[in-house]
Amino acid sequence: MALVWAVKLLLFSWLFNVLPSSQAKGNFNEYRYPFIKRASTFPSASSSSSSGHNNVYDYIVVGGGTAGCPLASTLSQKFNVLVLERGGVPFANSNVSFLQNFHIALADTSPTSASQAFISTDGVLNSRARVLGGGTCINAGFYTRASTRFIKSVGWDAKLVNESYPWIEKQIVYQPKLEPWQVALRDSLLDVGISPFNGFTYDHLYGTKVGGTIFDRFGRRHTAAELLSSGNPQKLTVLVYATVQRIVFDKSGKRPKAVGVIFKDEKGNQHEAVLADKPQSEVILSSGAIGSPQMLLLSGIGPKADLEKLKIPVVLDNKFVGKGMADNPMNAVFVPSNKAEKQTLIQTVGITKMGVYIEASSGFSQSKDSIQCHHGIMSAEIGQLSTIPPKQRTPEAVQAYIRRKRNLPHEAFKGGFILEKIANPISKGDLSLVNTNVDDNPSVTFNYFSHPYDLQRCVDGIRVATKVVQSEHFTNYTRCNKQTVEKVLNMSVEANVNLIPKHTNDTKSLEQFCKDTVITIWHYHGGAHVGTVVSPQHKVLGVDRVRVVDSSTFSESPGTNPQATVMMMGRYFGAKILRERLGRAAGI
């Protein structure tokens, strides 16, 4: 681990010396990172043939994200791999790289931002990644494995799974230094009966635990993009600002067969990347739970009537594409403090047997580049405007809050939040195209709390969160007596905070609280489920040479936070594909 850390320090020192400060500037040749290039450097058909090169690949990975990076890195050990990522690189982006700037990347709505905002039809503001490294570049960094039950339910090889997780952990995962706010949460969780204490562990265990993090001890984020350094640079090509338009199919045979993809570069020019003429060559979608179903639809795989309305040539009629979308609903309560708290994201978690997870965040920071006086993971600027019902959460409402908060005293931002999240929501929604422009978000509905069991679990979770807030470990730590709390809350009346519900015995009242204050923790999934859209091997049903490897195939979000399993999934399927094609010669 020491050697790995030393190498990474050298790499980051080198990258920061040679990379431009903005994703939008500079030539990627400056990186001296040979396999990462701008999409516009991709040779045209005429230039490639005249120079003796060709645009033919064994695997084309659409999306260099949480799953796509480890997948491509693994496949490149033996095969020529092309990764097409619509965003830029994360390495020199300070909004991505530092914990203290977590909220800024999510609040950035510019076209080159690492995150792309979207609003579900439910009214909940949300985000999707648009950067090499995907969600690992914009999330809260918490790293924890899926339960053994989840691994069994998806039918994965437990031995290979247990070899794939450590491959990730040795490269980019760390044990956090537990901050006081997280210590108070740990002790409060145990005090209210969420036991035993399982210490620091990656494993999913009932009780209270401290998980891993992709932030190092200096607060620097390490993303899935770094896993590309384990790839074979002679066989790996990564194009950034490469926006795939559609998969190209040959429909002359018995079944449609993928032959390549069409993508546009940062200058708007179109290119075609072609698969090698081998049965095992594949286009692999790793664009996430929004991007992969969207790409299938744009490529002509989906409900026939919907495709025909948009004049998309139908390759395969499949009514299940885009169906079964889910997002784990989260609700939060504010815990005031009489002192400024250090910013923390997720470090401690309570895993209950009632199907609820309890986590916490705290603090605010200020700098010349920062959003002044924010609420961290609960900042309204990043869409977490939970003090008004979902349907009223418009961009205008966010801007109105931003204007109002300029007059708020700093005391209104002292403290943190107890976060309550529903595990495995039963409520489902769907995804559909609005138009044929891949840059535009599709229409997404999650139907939060439409199933009564989800609502009941939220009520139970809020009651647990209330007990945690009222635990002596928090009251002693925040040093807020009743008078101080009332003073802070009076000053916070215009701040983006939800207080402890006054009538926790009133189930109807708590149900309304859950509905009115629901937000996201960005763990949405589904839209390309195993059994209806893809096979157990994740090959798209009804066509040849297309596979999906990302969270769109999940019927539930793994663990308390999914990034560990999504990264592992990339490594797992990369290794599995190599073994299936090469046997022992795979060397993996």
Side-chain angles (χ1 to χ4, degrees), residues 118-126 146-147 149-150 153-154 194 204 206 289-290 322-333 346 349-359 377-378 383-393 417-431 443-468 498 500-501 503-527 529 551-562 565:
F118 73 94
I119 305 176
S120 69
T121 64
D122 314 277
V124 175
L125 284 71
N126 216 315
S147 65
R149 180 198 58 79
F150 176 88
S153 71
V154 294
I194 303 177
H204 187 88
Y206 288 119
I290 304 297
K323 301 301 188 287
M325 298 292 297
D327 188 21
N328 298 71
M330 184 172 77
N331 299 78
V333 293
I346 312 299
V349 61
I351 301 175
T352 73
K353 292 185 177 180
M354 66 179 71
V356 169
Y357 303 134
I358 306 293
E359 300 173 337
I377 200 171
M378 288 296 300
Q384 305 293 63
L385 188 61
S386 62
T387 45
I388 58 177
K391 292 292 186 180
Q392 299 174 30
R393 295 177 201 167
F417 293 84
I418 303 301
L419 313 172
E420 174 270 337
K421 169 192 159 187
I422 300 300
N424 312 333
I426 299 173
S427 306
K428 305 292 183 185
D430 53 47
L431 174 152
S443 173
V444 185
T445 302
F446 294 118
N447 288 323
Y448 299 100
F449 299 128
S450 61
H451 195 285
Y453 182 54
D454 292 344
L455 192 57
Q456 179 56 52
R457 284 186 291 167
C458 179
V459 168
D460 293 341
I462 293 298
R463 286 176 173 147
V464 173
T466 298
K467 292 177 182 178
V468 168
N498 289 304
I500 300 172
H503 307 291
T504 55
N505 290 326
D506 183 352
T507 298
K508 291 285 185 187
S509 174
L510 285 185
E511 286 178 350
Q512 197 61 48
F513 178 88
C514 287
K515 293 176 181 178
D516 287 347
T517 67
V518 63
I519 51 175
T520 185
I521 197 167
W522 310 286
H523 296 168
Y524 47 83
H525 51 280
H529 288 288
S551 59
S552 68
T553 64
F554 293 162
S555 59
E556 62 178 278
S557 183
T560 64
N561 303 68
T565 301

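Fair warning: this is a prediction, and the values are worked out from it, not measured in the lab.
- With rounding to the nearest 0.5 Å, the separation of NZ in Lys428 from OG in Ser555 is 6.0 Å.
- Without hydrogens or angle criteria, Ser552 side chain to Ala289 main chain gives no donor-acceptor distance under 3.5 Å.
- Taking the side chain as every heavy atom from C-beta outward, Val518 and Met330 never approach each other to under 4.5 Å.
- Listed here is the closest heavy atom pair of Gly526 and Met325: O-SD, 3.2 Å.
- Here the side chain of Lys421 pairs a donor or acceptor atom with the backbone of Thr560 at under 3.5 angstrom.
- Although no hydrogens or angles enter the test, the distance criterion places a donor-acceptor pair under 3.5 Å between the side chain of Lys391 and the main chain of Thr121.
- Counted by atom type alone, Tyr448 and Asp327 present one or more donor-acceptor pairs between their side chains at under 3.5 Å.
- With sequence neighbours left out, Tyr357 forms a side-chain hydrogen bond (donor to acceptor under 3.5 Å, both in side chains) with no residue at all.
- Looking only at distances, no side-chain donor or acceptor of His451 sits under 3.5 Å from a matching main-chain atom of Phe449.
- Arg393 places a side-chain N or O within donor-acceptor distance of the main-chain N or O of Leu385, the cut-off being under 3.5 Å.
- Although no hydrogens or angles enter the test, the distance criterion places no donor-acceptor pair under 3.5 Å between the side chain of Ser551 and the main chain of Phe554.
- In this structure, a donor-acceptor pair under 3.5 Å is absent between the side chains of Ser427 and Asn447.
- Remark: the backbone N or O of Thr445 is not paired with any side-chain donor or acceptor of Asp122 at under 3.5 angstrom.
- Between Asp454 and Arg457 a salt bridge is recorded (basic side-chain N to carboxylate O distance below 4.0 Å).
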